[in-house]
Amino acid sequence: GVFMDIYSNLVKAFNDLISRHPQVIDVWIFALLVVFLAFLFRLIRKFTSFKYKYSGKLLSNAERSFFLVLKQSLSEDDYEIFVKVRIADILTPVRTLMSRDWFAAFYKISSKHFDYVLCDKETLAVVAVIELDDSSHNLSKTRARDIFVEKACKTAGLKLIRFPCKSNYHLESIRDKVITSLNSPV
């Protein structure tokens, strides 16, 4: 019938093309091989199990040291301190952004975290966020991240308190800086 005529015409056209241009078959074989390898690669990646290792601790020695001092300096106050909280769990892009822009804004915060989050002890409402700045904060990449986080906090009306990383801290000065920051406008 009609399908056999179409099929035989296609076969004839293909045979004519190959007889006049034999290199076309090489191109077809190469293209099919590339498609097959791409498919195989995606299939292998889909079923590959990634391996992970346990890092052993949540905080670096410097972060842990500051956390203990911060905790002790605010022990008389009504605050809870949480460590390494994802920024996207505290801030969210404004919904007035177009969908693509909202996802771009969310992506920028989704893999970053605040070093410490200060919350009201009863309600666990976020009162402020605290960043500990070690020597890496002098690097241009880290500095750009710091500027971005500062702007994000400012637009959200969230207090951001920064402390330089030191070998030792004075409890009273830590407490004074936190309380002063909490009592000042954003």
Side-chain angles (χ1 to χ4, degrees), residues 45 48-186:
R45 282 196 65 206
T48 300
S49 62
F50 297 104
K51 301 213 184 269
Y52 298 92
K53 71 174 194 163
Y54 175 59
S55 63
K57 53 187 177 177
L58 180 62
L59 301 173
S60 69
N61 290 338
E63 290 168 332
R64 182 178 178 281
S65 172
F66 182 77
F67 173 66
L68 295 174
V69 170
L70 181 63
K71 194 172 161 181
Q72 190 176 354
S73 70
L74 297 172
S75 65
E76 303 290 318
D77 301 290
D78 293 326
Y79 301 113
E80 280 295 334
I81 304 164
F82 296 92
V83 298
K84 292 196 178 185
V85 177
R86 194 173 65 126
I87 292 177
D89 292 331
I90 307 292
L91 303 179
T92 188
V94 178
R95 280 284 175 192
T96 57
L97 295 174
M98 294 182 63
S99 180
R100 188 177 68 183
D101 294 335
W102 187 92
F103 282 107
F106 181 79
Y107 178 75
K108 286 187 82 164
I109 61 173
S110 65
S111 62
K112 294 174 177 61
H113 69 270
F114 291 119
D115 292 333
Y116 310 94
V117 175
L118 190 62
C119 295
D120 177 275
K121 198 173 241 167
E122 278 188 38
T123 65
L124 294 183
V126 176
V127 176
V129 294
I130 299 171
E131 288 286 300
L132 181 63
D133 297 337
D134 62 12
S135 60
S136 73
H137 289 257
N138 297 327
L139 302 173
S140 62
K141 182 180 178 182
T142 309
R143 190 67 203 130
R145 179 232 180 250
D146 288 348
I147 291 168
F148 169 76
V149 169
E150 286 170 14
K151 285 181 182 177
C153 288
K154 189 171 186 120
T155 62
L158 180 62
K159 293 182 191 265
L160 171 64
I161 308 166
R162 292 192 167 283
F163 285 93
C165 189
K166 299 178 180 178
S167 57
N168 58 13
Y169 301 94
H170 186 260
L171 287 176
E172 213 39 52
S173 64
I174 297 289
R175 184 182 186 289
D176 289 346
K177 183 171 181 175
V178 170
I179 299 303
T180 301
S181 295
L182 292 177
N183 293 325
S184 65
V186 177

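Note: hydrogens, waters and symmetry copies are ignored here, and every other heavy atom, side chains too, is used. As the structure is a prediction and not an experimental result, all values here were calculated from the model.
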Taking only residues two or more places apart in sequence, or in another chain, which ones meet Asn183 in a side-chain hydrogen bond (donor to acceptor under 3.5 Å, both in side chains)? none
Pair listing, ring-ring contact (aromatic ring centres under 6.0 Å, His included) test, anchored in residues 164-186, at least two apart: Phe66-Tyr169
Taking atom NZ of Lys112 as the centre, does the number of heavy atoms from other residues, nucleotides or ligands within less than 6.0 Å exceed 12? yes
Is the shortest side-chain N to carboxylate O distance from Arg145 to Glu131 below 4.0 Å? yes
Please list, chain by chain and in numerical order, all residues satisfying side chain to side chain contact (heavy atoms under 4.5 Å, CB included) with Ala62, sequence neighbours excluded. Ser60, Cys165
Worked check of side chain to side chain contact (heavy atoms under 4.5 Å, CB included) between Val178 and Leu70: CA-CA 9 Å; Val178 170; Leu70 181 63; 4.1 Å; yes
Quick check on Lys166: does its NZ atom have over 12 non-hydrogen neighbours (other residues, nucleotides or ligands) under 6.0 Å away? no
For Ala128 against Ile161, the heavy-atom pair lying closest together: CB-CD1, 4.0 Å
Should Tyr116 and Val129 count as side-chain neighbours, where that means a heavy-atom distance under 4.5 Å? no
Considering all heavy atoms of both residues, which atom of Val94 and which atom of Trp102 are nearest to each other, and what is their separation? O-CD1, 3.4 Å
What distance do Ser111 atom OG and Phe106 atom CZ have between them, rounded to the nearest 0.5 Å? 10.0 Å
With sequence neighbours left out, what residues match Lys57 under side-chain hydrogen bond (donor to acceptor under 3.5 Å, both in side chains)? Asn61
Under the rule for salt bridge (Lys or Arg N to Asp or Glu O under 4.0 Å), what residues qualify as partners of Asp120, not counting sequence neighbours? none
Residue set satisfying salt bridge (Lys or Arg N to Asp or Glu O under 4.0 Å) with Arg86, at least two apart, ordered chain then number -> Asp89
Test item: Phe114 and Leu91 side chains (from C-beta on) under 4.5 Å apart, heavy atoms: yes
How would you list, by chain and number, every residue that makes a salt bridge (Lys or Arg N to Asp or Glu O under 4.0 Å) with Lys84, sequence neighbours excluded? Glu63
Which residues share a ring pair (Phe, Tyr, Trp, His ring centres under 6.0 Å) with Tyr107, sequence neighbours left out: none
Residues two or more places apart in sequence or in another chain: which of them pass side chain to side chain contact (heavy atoms under 4.5 Å, CB included) with Phe103? Ser99
With a 4.5 Å cut-off on side-chain heavy atoms, are Leu118 and Val126 touching? no
Any side-chain heavy atom of Val85 sitting closer than 4.5 Å to one from Asp115? no
Is there a side-chain contact between Ile130 and Leu160, using heavy atoms and a 4.5 Å cut-off? no
Could you give the distance from OG (Ser173) to CG (Leu171), rounded to the nearest 0.5 Å? 8.0 Å
Enter the distance from Phe163:CZ to Leu132:CG here, rounded to the nearest 0.5 Å. 9.0 Å
Check the surroundings of atom NZ in Lys177: do more than 12 heavy atoms from other residues, nucleotides or ligands lie under 6.0 Å from it? yes
Where at least one partner belongs to residues 65-78, residue pairs that pass side-chain hydrogen bond (donor to acceptor under 3.5 Å, both in side chains), sequence neighbours excluded: Asp77-Arg175
Step by step, would you call Cys119 with Val117 a side chain to side chain contact (heavy atoms under 4.5 Å, CB included)? CA-CA 6 Å; Cys119 295; Val117 175; 3.8 Å; yes
Those residues at least two apart in sequence (or on a different chain) that pass side chain to side chain contact (heavy atoms under 4.5 Å, CB included) with Lys154 are none
Is there a donor-acceptor pair closer than 3.5 Å between any side-chain N or O of Asp133 and the backbone N or O of Pro164? no
